[in-house]
Amino acid sequence: MSALAAAPSRDFVDLRDWGAGAAIDLADLALQLKRRPPRSRPLEGRSVGLCFMNPSLRTQTSFQVASASLGAHPVTLHFGNGTWNMEWRDGTVMDGQASEHLKESVPVLARYCDVLALRAFPAGTSWADDKADPWLNAFRSSSRVPVISLESAMGHPCQGLADLMTLREKADPVGKRFVLAWAPHIKALPLAVPHSAAQAAVIAGMDLTICRPEGYDLDPGVMEWCRAEAARQGRSVTVTDSPETAFDGAHVVYAKAWGSLASYGVPPPQDSAFRDRWRMTAAKMAKTKAGLFMHCLPVRRNLVVDDAVLDGPASVVIDQAENRLHTAKALLLKLLGGL
Amino acid sequence: MSALAAAPSRDFVDLRDWGAGAAIDLADLALQLKRRPPRSRPLEGRSVGLCFMNPSLRTQTSFQVASASLGAHPVTLHFGNGTWNMEWRDGTVMDGQASEHLKESVPVLARYCDVLALRAFPAGTSWADDKADPWLNAFRSSSRVPVISLESAMGHPCQGLADLMTLREKADPVGKRFVLAWAPHIKALPLAVPHSAAQAAVIAGMDLTICRPEGYDLDPGVMEWCRAEAARQGRSVTVTDSPETAFDGAHVVYAKAWGSLASYGVPPPQDSAFRDRWRMTAAKMAKTKAGLFMHCLPVRRNLVVDDAVLDGPASVVIDQAENRLHTAKALLLKLLGGL
Amino acid sequence: MSALAAAPSRDFVDLRDWGAGAAIDLADLALQLKRRPPRSRPLEGRSVGLCFMNPSLRTQTSFQVASASLGAHPVTLHFGNGTWNMEWRDGTVMDGQASEHLKESVPVLARYCDVLALRAFPAGTSWADDKADPWLNAFRSSSRVPVISLESAMGHPCQGLADLMTLREKADPVGKRFVLAWAPHIKALPLAVPHSAAQAAVIAGMDLTICRPEGYDLDPGVMEWCRAEAARQGRSVTVTDSPETAFDGAHVVYAKAWGSLASYGVPPPQDSAFRDRWRMTAAKMAKTKAGLFMHCLPVRRNLVVDDAVLDGPASVVIDQAENRLHTAKALLLKLLGGL
């Protein structure tokens, strides 16, 4: 949990900050909004500033549509592409690439917009540096309006919220088994999504199994929080390196590639035996208890997961992505007081 | 005509699919909307997803303004620029540049938006490959909402619709002569616009002359359709390689550069004698019967057409571009049931 | 003053064109709008075309939010990024990089939008060429709707208007001392902002001091206008090369880096003695009469101005940037008749 957010936070930057109850309330509000869309324009005249330092499809589109459907105006900015390059570090002499400091850009945007959101992926060279989420935290310190994380090094709370909503919508999750399944990739990907997915599963009251190769553990702080929350709910957290047995009896499989904290920034092995062992396949799904298949998207087909799984009846990935829209609406209504 | 669209289609991807009558109805609806803009917000709460794999000025602006003026929210995405790189091929192991498959991105966007639109130019190395319009057809197969083509290899139906509207607005076209005039360029340009313009002229009930150098014929399937539709209306289709005589008595001249299917991807000759012979000039326009000058824009001045023609009284290119706005409104109302 | 705008102009492209009185009226309208935002949607159904050839944060965001908050639809285009490359020169044979001429793109956009705006920075190789503002003036000549400059070589009138509003809001400016303070930079920056800031100060009725190194004078035409307007109001214009004495008793300090017209395009000296002499510091601010600190942003911290100044109580840079929003609203209402 970030230091700034030790107290209940004005910002939505990590599923853990507001606590499990608030996350469930938001997910359930989103479920209501999905069934019965709000008719009036409750956020008429408000503006939503969406700032991206990295690519996005679902996030930018769902927040744009969510904002507009509530009557608010979305502003989408890609930092460094049509805007200035930004700096976040304190005290630096700015005679390099960056033309503008977050200490100016964020307060200015906070005068134009009623809520600000930021996507800032980790730099990928030092986990100690990245896990402090310097971009997100500098952004938050400079904003006088609420801040939403659209994914930082430590988490992807909007995805986690949609995951939680999907579990409650599709899986009757309490007491069921959730397997977070590490998957191959050509790059050392961020840990934000597995962090948030693990939290969502635990908040949903599920037994959590993380199946990953040695060296691919999640951040210790995230694991500690998951164990504590699971214990509070009388559930378990298990870690295994056996994809041969991990899926037996699972109710939900959430596949995801992520990088190693032990060898930070180094891509995983690329040989086909390794890929075959860890890729999600129909044979693995067959071992589950008619389990659902989840993934946050985008997904690389036949590297992370086989076509047969993605295109099969167990896959709820499109519903899960649709739920990004409904959770974005719920979050905007919550933060902007439109309820 | 694409295989998918053998039956009347939910999608608007080729002027030929819905038939000449439907195209005329849409053009006339656009003429009505131009005279009397709709006052209320008939598409309030709807979202329009505009996906671009290539540059656009008129298309993105006209669809944005059309959507907003009808109360809908436009979402503009440039694939690979601020979003992920996309894949369309079936069964591939995605361990290359592309992070996401259309099989996920399109269904997801179809959950956020009520209509989707795609611009995907041809790759330019094999006409056999390009004419199958793999991007557009993969996009369509994955969408549960109507799809609009914003230009593919085979056609630019939104431009063709605006061309048809312009002919009916300005040229009293039935039984008049329409000359589609090939023009020089530095590149081997796509054939989408000449395909749609030829179709628009024939649908409008005009005698069609295509004046082009040897080797620059349109796609045989398009020509066959044009000949059949012209015959149905008792009109003619002629092909000539003589810019010296083709303009005699023409009522409308539509200039356009396009590439050779015989030497696919190879730019046309660049010598000045060739350029002078084929460039559209005031002298050629003087041979017409007070003919109108049309072009889809963007146009390279003094390479495709002389300043004197573009800036002269016969040119209707700005009206033609304005009609993109009105036809976009008509199309959105038709597809989204706002009439 | 541009030749085109010798008469009171339909366009808003230079603070000097409409005269001091009109600028003050607009600034005061913006102050009213800041205190009491307009409630209805006075520009419902209108579209605002925002065209950028250079990066922007405040300008694009403030105009987008201003447009939307008044009920209009903003269209943001980055020329050459997702759109075509543009040409402005008359009579050229367009067989190079540019696919489209402003003679087509601007009239077309003027059919889609009710007002057009352009940001076009100077090329930076010849001041004689740049000061004619060829992009902006070609854009204006082709538009049938009002044009707003979002910064050209000669000025940044929207910034100047926000500066004027900020002076009237914060500084009770008549008869007070305004110091425009040249500052170091790694590049030879444009003169648009110092031109407009000097004009704003003079319009506000202040004594203007420009403190800059030898060779860094503003354009002679701008200086002449400032001297005439100051004389009309019984105020003075002074130029000095002494940052040691210029700030004594100042009421407002406006820091800004800009390039030399004498050595056009050449970056200023980079040695630390020179930088230290010209950088804005707390020690210099201490010499003022409790003076306010202004800057247009973006600003390079500790190169142009020290953290202690920007983060200190004298700085009004965030308010100044917020005023871009209110002046944008005032300008749109003025140009589109929404008052």
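Bear in mind that the values here come from a model prediction, so they are computed numbers and not experimental data.
The stretch residues 323-337 of chain A participates, sequence neighbours left out, in no salt bridge (charged side-chain N to carboxylate O under 4.0 Å, His left out) pair at all.
Counting heavy atoms from C-beta on, the side chains of C:Gln320 and C:Lys170 never come closer than 4.5 Å. Side-chain contact between C:His185 and C:Lys256 is absent, with no heavy atoms from C-beta onward closer than 4.5 Å. No side-chain heavy atom of C:Val75 sits less than 4.5 Å from a side-chain heavy atom of C:Tyr112. C:Leu33 is listed as a side-chain neighbour of C:Leu333, based on a closest heavy-atom distance under 4.5 Å. Residues A:Leu31 and A:Met165 form a side-chain contact, since some pair of their non-hydrogen atoms from C-beta on lies under 4.5 Å apart. Using a 4.5 Å cut-off on side-chain heavy atoms (C-beta onward), C:Leu332 and C:Ile148 make contact. For the pair C:Pro243 and C:Trp182, the minimum side-chain heavy-atom distance is 4.5 Å or more. In this structure, A:Leu109 and A:Leu77 have side chains that are in contact, with non-hydrogen atoms separated by less than 4.5 Å.
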Evaluate C:Asp311 against C:Arg301 for salt bridge (charged side-chain N to carboxylate O under 4.0 Å, His left out), listing each step before the verdict. CA-CA 10 Å; C:Asp311 298 332; C:Arg301 286 176 168 255; 2.8 Å; yes

Under the criterion side-chain contact (heavy atoms from CB on, under 4.5 Å), I'd like the reasoning laid out for A:Met154 against A:Ser149: C-alpha separation, chi angles, the key distance, then a yes or no. CA-CA 10 Å; A:Met154 276 301 277; A:Ser149 168; over 6 Å; no

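For the residue pair C:Asn323/C:Thr166, the side-chain donor-acceptor check at 3.5 Å is satisfied.
Side chain of A:Trp135 to backbone of A:Trp88: no donor-acceptor contact under 3.5 angstrom is found. A donor-acceptor pair is defined here as one N or O able to donate and one able to accept, closer than 3.5 Å; no such pair exists between the side chain of C:Ser196 and the backbone of C:Val193.
Contacts between C:Ile318 and chain A at a heavy-atom distance below 4.5 Å involve backbone atoms as well as side-chain atoms. Looking at C:Leu325, the atoms closer than 4.5 Å to chain A (heavy atoms on both sides) sit in the backbone and in the side chain alike. For C:Arg275, the part lying under 4.5 angstrom from a heavy atom of chain A is the side chain only. The contact between C:Pro74 and chain A is made entirely by side chain atoms (from C-beta outward), counting heavy-atom distances below 4.5 Å. For C:Leu70, no part sits under 4.5 Å from any heavy atom of chain A, backbone or side chain. Of the atoms belonging to C:Asp319, heavy atoms from both backbone and side chain fall under 4.5 Å from chain A.
Identified by a heavy-atom distance below 4.5 Å to chain C, the contributing residues of residues 93-108 of chain A are A:Val93, A:Met94, A:Asp95, A:Gly96, A:Gln97, A:Ala98, A:Ser99, A:Glu100, A:His101, A:Lys103, A:Glu104, A:Ser105, A:Pro107, A:Val108, in residue-number order. Among the residues in residues 79-87 of chain A, those with a non-hydrogen atom closer than 4.5 angstrom to a non-hydrogen atom of chain C are A:Phe79, A:Asn81, A:Gly82, A:Thr83, A:Trp84, A:Met86. At a heavy-atom separation below 4.5 angstrom, chain C is approached by A:Ser47 within residues 45-63 of chain A.
A salt bridge between C:Glu169 and C:Arg35 is absent, with no side-chain N of the basic residue lying under 4.0 Å from a carboxylate O of the acidic one.
Taking C:Asn302, C:Asp306, C:Thr76 one by one and counting their heavy-atom pairs under 4.5 Å with chain A, the maximum is reached by C:Asn302. Taking C:Arg41, C:His78, C:Arg300 one by one and counting their heavy-atom pairs under 4.5 Å with chain A, the maximum is reached by C:Arg300.
Taking the six-membered ring where tryptophan is involved, the planes of C:Phe293 and C:His295 are essentially parallel, since the angle between them stays under 30° and well short of 60°.
For C:Arg277, the CZ atom counts as densely surrounded, since its 6.0 Å shell holds more than 12 non-hydrogen atoms of other residues, nucleotides or ligands.
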